[in-house]
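Okay, so here's the structure we're looking at.
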Amino acid sequence: MPERLPGYRPPARWLHWIVAAAVLLMIPAGLTMTQEGLSRPVQDTLFLFHKNLGTVLIPVILMRVIYRLTHRPPPLPKTIPAWQRTAAAVSHGLLYALLIVMPLSGFVRVRAGGYPIELLDRLGFGPWIAKSESLADAASALHATAAFVLIAILAVHVGAALQHALIRRDGVWSRMWPGG
Ligand code: HEM
Ligand code: HEM
């Protein structure tokens, strides 16, 4: 029998799934738009989508991090062994760090490269970052490396979540799923 557990509060659940859905769109868009041989309109559309959704995500992620820092998550079920508690804490910490590094490095890469972010440009915001090829290159390298680490951790994260949902059925999935 699964334990009856206190779950994450509704804002934590909604913020998790909104950010997760966006990130799961951002990753294939980023990987596809950087491939050779794409037609110009397809590549332009993917860049437009990736840069602008990524920029909109920055304040949402900030809200999520602030909410997390001010609200402790509920305790895990007692059945979870110590090494899995540690693995969850480390991987969740890394995911939060990557959620900050990814959009910021992307933003710096684009602005230091002198490229538009159409939504901000329409709203009349300045570039905020001076043009610099070396800064753009460093941010681009960081963005690509962090993307690789993010994909690897997400593979484990999603695998673990599905294992809790479908095999162990120990209440961990319903702690996070809206509606429980
Ligand atoms: C299909 C995709 C995903 C599934 C099924 C999933 C599932 C879950 C579940 C069940 C939890 C609760 C774990 C617990 O109770 O300790 C959780 C927590 C978490 N997830 Fe995901 N997740 C997904 C995608 C993502 C993505 C894309 C990110 C970020 C890039 C992410 C970041 C996190 C973080 C940081 C936590 C810890 C929440 C906290 O304690 O504050 N997840 N996820
Ligand atoms: C959570 C947010 C983000 C995720 C998960 C993400 C993911 C990715 C991935 C997987 C790639 C392909 C790997 C690579 O070549 O670097 C990529 C490339 C790229 N991303 Fe992002 N990205 C995010 C946010 C942003 C933002 C906010 C911007 C700009 C405003 C941006 C701009 C770019 C650019 C320009 C590239 C092409 C590579 C380059 O020219 O350096 N990304 N992104």
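Only heavy atoms go into these numbers, but all of them, side chains included; no hydrogens, no water, no symmetry mates. Read the numbers this way: they start at 1 and go in the same order the structure lists the ligands and their atoms.
If you look at L99 next to ligand 1, the close heavy atoms, those under 4.0 Å, all belong to the side chain. Within the 4.0 Å heavy-atom criterion, neither part of R13 lies near ligand 1. Contacts between L162 and ligand 1 below 4.0 angstrom, taking non-hydrogen atoms only, are absent altogether. If you look at N52 next to ligand 2, there are no close heavy atoms at all, none under 4.0 Å. When heavy-atom distances to ligand 2 are checked against a 4.0 Å cut-off, F47 comes that close only through its side chain, counted from C-beta outward. Contact annotation: for W177 versus ligand 1, there are no heavy atoms closer than 4.0 Å. When non-hydrogen atoms are compared, ligand 2 lies under 4.0 Å from the side chain of T34 (C-beta onward) but not from its backbone. Proximity of Y67 to ligand 1, defined as any heavy-atom pair under 4.0 Å, is not found for any part of the residue.
Counting only distance, with no hydrogens or angles, the side chain of R109 and the backbone of D137 share no donor-acceptor pair below 3.5 Å. A donor-acceptor pair under 3.5 Å links the side-chain atoms of H143 to the main chain of M102, judged by distance alone. Side-chain N or O atoms of W173 include none that pairs as donor or acceptor with a backbone N or O of L166 at under 3.5 Å.
Where the criterion is an N or O separation shorter than 3.5 Å, residue side chain and backbone included, W173 fails it with respect to ligand 1.
What you find for V101 and A146 is that their closest heavy atoms are CG1-CB, 4.0 Å. Across every non-hydrogen atom of R13 and G7, the tightest pair is NH2-CA, 3.4 Å. The shortest heavy-atom contact between L38 and V42 is CD2-CG1, 4.3 Å. Counting all heavy atoms, side chain and backbone alike, G113 lies closest to A136 at N-CB, 3.7 Å. Residues T45 and P41 share a closest heavy-atom pair of OG1-O, 2.6 Å. Contact record, V56 with P59: O-CD, 3.2 Å, taken as the closest heavy-atom pair.
Closer than 2.8 Å to atom 21 (Fe) of ligand 2 sit the protein N, O or S atoms H50 NE2, H143 NE2. Less than 2.8 Å away from atom 21 (Fe) of ligand 1, the protein contributes these N/O/S atoms: H16 NE2, H157 NE2.
Rounded to the nearest 0.5 Å, atoms OH (Y8) and CG (L15) are 12.5 Å apart. Interatomic distance, H164 NE2 to R175 CZ, rounded to the nearest 0.5 Å: 9.0 Å. Rounded to the nearest 0.5 angstrom, I58 CD1 and M63 CE are separated by 14.0 Å. In this structure, M33 CE and H50 NE2 are separated by 4.0 Å, a value rounded to the nearest 0.5 Å.
Taking every heavy atom of T55 and a limit of under 4.0 angstrom, the matching atoms of ligand 2 come to 27 (C), 30 (C). In summary, the atoms of ligand 2 found under 4.0 Å from a heavy atom of S140, numbered by their order in the structure, are 39 (C), 41 (O). Residue I117 approaches ligand 2 through these ligand atoms, each under 4.0 Å from one of its heavy atoms: 30 (C).
Counting only heavy atoms of the protein, atom 40 (O) of ligand 1 lies nearest to Y8 OH, 2.7 Å. Nearest protein neighbour of atom 1 (C) of ligand 1, counting heavy atoms only, is L24 CD1, 3.9 Å. Of all protein heavy atoms, the one closest to atom 13 (C) of ligand 2 is L31 CD2, 4.3 Å. Regarding atom 35 (C) of ligand 1, its nearest protein heavy-atom neighbour is Y96 CE1, 3.5 Å. Annotation: atom 34 (C) of ligand 1 to nearest protein heavy atom, R64 NH2, 3.4 Å. The protein atom (non-hydrogen) at minimum distance from atom 16 (O) of ligand 1 is R175 NH2, 3.3 Å. From the protein, the heavy atom lying nearest to atom 4 (C) of ligand 1 is W17 CH2, 3.5 Å.
Using the six-membered ring where Trp is involved, H16 and H157 have ring planes that are tilted, between 30° and 60° apart.
Using a 4.5 Å heavy-atom threshold, the side chains of L57 and L99 count as separate. The shortest distance between side-chain heavy atoms of Y115 and F47 does not fall below 4.5 Å. Between P116 and K51 there is a side-chain heavy-atom pair separated by less than 4.5 Å. Side-chain contact between N52 and L120: absent, with no pair of heavy atoms (C-beta onward) separated by less than 4.5 Å.
Ligand 1 does not have R72 within reach: every non-hydrogen atom of the residue lies 4.0 Å or more from it. Within the 4.0 Å heavy-atom shell around ligand 2 one finds M33. Contact between F148 and ligand 2 is absent, with no heavy atom of the residue lying under 4.0 Å from the ligand.
Of the charged side-chain nitrogens involved, at least one lies within less than 4.0 Å of a carboxylate oxygen, so that R111 and D121 count as a salt-bridged pair.
Taking only non-hydrogen atoms, the option from I61, L154, I151 nearest to atom 28 (C) of ligand 1 is L154.
Residues I27 and F49 fall within the same hydrophobic cluster, defined by Ile, Leu, Val, Met, Phe, Trp and Tyr side chains chained together at heavy-atom separations under 4.5 Å.
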